Amino acid sequence: MYNSKIIGLGKYVPDNVVTNDDLSKMMDTSDAWIQERTGIKERRWIDKSTGDTSAVMGAKAAKIAIDRAGLTKDDIDFIVFATLSPDYYFPGCGVQIQDMLDMPTVGALDVRNQCSGFVYALSVADQFIKTGMYKNILVIGAEYHSNGLDKTTRGRGVTVIFGDGAGACVLSREEDSNKGILSTHLHSEGKYAEKLMVASPSIAHWVPEILESKNEDLSYFPYMDGTFVFKHAVIRFSEVIMEALEKNGLAQEDIDMLIPHQANLRIAQYIQKKFGLNDSQVFNNIMKYGNTTAASVIIALTEAWEEGEIKEGDIVVLAAFGSGFTWGSAIIRW
Ligand code: UT7
């Protein structure tokens, strides 16, 4: 059995900044409401003329990660791509990465676990490396939310939260069993699937039915019971972080850096307080990017590393919760 460790990180966010004031021109909202309830000041939304999509952004982040790993695309053995906003209904974005990066015909897998997508994807990649099946795996999280949101007052409870972006890492074989990913922990509770979802188009509710509804059918916009999701998020985040610590015989004070899924600054602050962490032990960038779902943890991890906030030997905890419900954590000795 091997361990796996992250040897290269990259991120890409669109240039187009959308501030809270910009949103208040589209719908009945305000900078004060959004900042107070979520901590978000601005987010990036793709300018369509750039040609960016989830796969395109993922490819840009992936190139940086591969380069920083000191590898070339020919060294990558497998691709895992996490997104809830794929370019196509099918196939998934992973195969587009294989093509866009002109990679050998390696396998590509898409993960559909929304906000927990990157943690799930990392866990999948970790298993392939542990067994010795692959040596270097590209793990990507990318989201193109902005083209699928209801940008009227009707959608304000959801739309103001979400942003576009991508992050990627190269996960590689590590011989030292005390280094790299120590463990991952994954959970789901499908009875709450409809608390945070995009219901259609689905195969049970296809495009002609939506068109026939003459705009009364809004099932293609994201729906979220925000308060319900919030309450579950704070509980599950705490549980899954604790589970990771206990599994490795570690205590709360051993955490050097917690990277929570950037869902809401209030959730992160609650967790920080609960675990008695100071500001330098929790990384947040939701203020700049909003909630980028499957991209959020890997964008935040990349930025924390770029800013020198993560040092060799640090205990880094990744944790996420979201639609499904699904949640998970990964604990890493950097
Ligand atoms: O990433 C996946 C996981 N997602 C999450 O973890 C998100 C969890 N939930 C949340 O972050 C919060 O529930 C929200 C930020 C989405 C909403 O905050 P809230 O404090 O739960 O607000 P609320 O939904 O209870 O709405 C309070 C009021 C309502 O008005 P009334 O009924 O009190 O008159 C809403 O209509 O705020 C209103 N409202 C807004 N007002 C201005 C909702 N959205 C907006 C808005 N601007 N954008």
Side-chain angles (χ1 to χ4, degrees), residues 18-43 45 82-85 111-120 141-146 148-165 167 187-190 192-198 221-241 259-272 284-287 289-300 318-329:
V18 178
T19 65
N20 293 341
D21 285 336
D22 292 333
L23 293 183
S24 66
K25 289 175 196 132
M26 303 173 198
M27 60 188 81
D28 181 12
T29 189
S30 67
D31 179 49
W33 190 96
I34 300 171
Q35 283 211 50
E36 188 196 320
R37 305 282 176 137
T38 70
I40 300 167
K41 295 180 190 211
E42 57 190 41
R43 73 286 294 138
W45 278 2
T83 187
L84 67 72
S85 49
V111 165
R112 295 286 306 275
N113 285 77
Q114 299 67 248
C115 304
S116 322
F118 182 76
V119 174
Y120 265 76
E143 300 290 2
Y144 180 7
H145 284 303
S146 57
L149 298 169
D150 180 356
K151 292 173 187 154
T152 69
T153 298
R154 194 178 53 201
R156 66 182 179 173
V158 173
T159 299
V160 301
I161 298 171
F162 290 108
D164 303 334
H187 296 278
S188 72
E189 198 170 25
Y192 297 131
E194 293 181 2
K195 295 292 182 185
L196 175 48
M197 74 185 315
V198 174
F221 285 129
Y223 166 79
M224 174 167 72
D225 182 340
T227 314
F228 189 88
V229 174
F230 192 105
K231 284 183 186 153
H232 282 254
V234 291
I235 295 166
R236 297 308 193 182
F237 263 112
S238 305
E239 281 177 5
V240 84
I241 294 168
I259 312 265
H261 162 52
Q262 305 291 296
N264 185 322
L265 193 60
R266 286 160 57 210
I267 297 178
Q269 286 166 341
Y270 175 90
I271 304 299
Q272 175 174 341
N284 290 301
N285 60 8
I286 190 169
M287 305 72 88
Y289 304 132
N291 179 346
T292 58
T293 315
S296 99
V297 168
I298 182 61
I299 291 176
L318 314 181
F321 173 89
S323 162
F325 290 155
T326 60
W327 61 101
S329 62

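In this text, all values refer to a predicted model and were calculated from it rather than measured experimentally. Every number for a ligand or one of its atoms is a count from 1 in the order of the listing. Starting from 1, each residue takes its place in the sequence as its number.
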Does some side-chain heavy atom of Leu149 sit less than 4.5 Å from a side-chain heavy atom of Trp45? yes

Are Arg236 and Phe325 side-chain neighbours, meaning at least one heavy-atom pair lies under 4.5 Å? no

Considering only heavy atoms of Gly157, which atoms of ligand 1 have at least one such atom less than 4.0 Å away? 16 (C), 44 (N)

I want to check something: taking the side chain as every heavy atom from C-beta on, are Asn20 and Thr29 in contact at a cut-off of under 4.5 Å? no

Between Thr153 and Asp28 (side chain of the first, backbone of the second, donor and acceptor by atom type, cut-off under 3.5 Å), is there such a pair? yes

Got a protein heavy atom sitting under 4.0 Å from atom 39 (N) of ligand 1? yes

Provide, to 0.1 Å, the distance between atom 3 (C) of ligand 1 and the closest protein heavy atom, together with that atom's residue and name. Val229 CG1, 3.7 Å

Heteroatom distance test (Trp33, ligand 1): nitrogen or oxygen, under 3.5 angstrom: yes

Atoms of ligand 1, numbered as shown, that sit under 4.0 Å from any heavy atom of Ile267: 6 (O)

Element-labelled atoms of ligand 1 that are located less than 4.0 Å from some non-hydrogen atom of Ala263: 1 (O), 5 (C), 6 (O)

Applying the side-chain hydrogen bond (donor to acceptor under 3.5 Å, both in side chains) test to Thr293, which of His145, Glu143, Gln262 qualifies? His145

Check whether any side-chain heavy atom of Ile40 lies under 4.5 Å from a side-chain heavy atom of Val160, and answer yes or no. no

Counting from 1, what ligand 1 atoms have a heavy atom of Val160 closer than 4.0 Å? 48 (N)

Within a reach of under 6.0 Å around CD of Glu194, are more than 12 heavy atoms found that belong to other residues, nucleotides or ligands? no

Any side-chain heavy-atom pair from Phe237 and His261 closer than 4.5 angstrom? yes

Does Ser296 use its side chain to pair, donor to acceptor, with the backbone of Asn291 at less than 3.5 Å? no

Where's the contact between Val158 and ligand 1, heavy-atom distance under 4.0 Å: side chain, backbone, both or neither? neither

Among all protein heavy atoms in this structure, tell me which lies nearest to atom 24 (O) of ligand 1, with the distance rounded to 0.1 Å. Thr227 OG1, 4.2 Å

Are Ile34 and Lys41 close enough that some pair of their side-chain heavy atoms sits under 4.5 Å apart? no

Nearest non-hydrogen protein atom, atom 15 (C) of ligand 1: Thr38 CG2, 3.5 Å

Run down the list Met224, Met27, Arg37, Lys231 and name the one with the heavy atom closest to atom 19 (P) of ligand 1. Arg37

What protein heavy atom sits nearest atom 47 (N) of ligand 1, and how far off is it? Thr29 OG1, 2.6 Å

At what distance is the nearest protein heavy atom to atom 2 (C) of ligand 1, and which residue and atom is it? Cys115 SG, 2.9 Å

Once you restrict to heavy atoms under 4.0 Å, what part of Ile161 touches ligand 1? Side chain, backbone, both or neither. side chain

Would you check if Thr227 and Lys231 make a side-chain contact, meaning some heavy-atom pair closer than 4.5 Å? yes

Does any N or O in the side chain of Arg43 come within less than 3.5 Å of the main-chain N or O of Ile161, such that one atom is a donor and the other an acceptor? no

Nearest protein heavy atom under 4.0 Å from atom 11 (O) of ligand 1, yes or no: yes

Short N/O distance, under 3.5 Å, between Gly226 and ligand 1? yes

Closest protein heavy atom to atom 1 (O) of ligand 1, given as residue, atom name and distance to 0.1 Å: Asn291 ND2, 2.6 Å

Can you find a protein heavy atom closer to atom 32 (O) of ligand 1 than 4.0 Å? no

Going by heavy-atom distance to atom 35 (C) of ligand 1, choose the closest among His261, Gln262, Arg156. Arg156

Should you measure from each heavy atom of Arg266, which atoms of ligand 1 turn up under 4.0 Å away? 20 (O)

Ignoring hydrogens, tell whether any protein atom lies closer than 4.0 Å to atom 29 (C) of ligand 1; use the non-hydrogen atoms only. no

Between Thr83 and Ala142, is there a donor-acceptor pair closer than 3.5 Å when you use the side chain of the first and the backbone of the second? yes

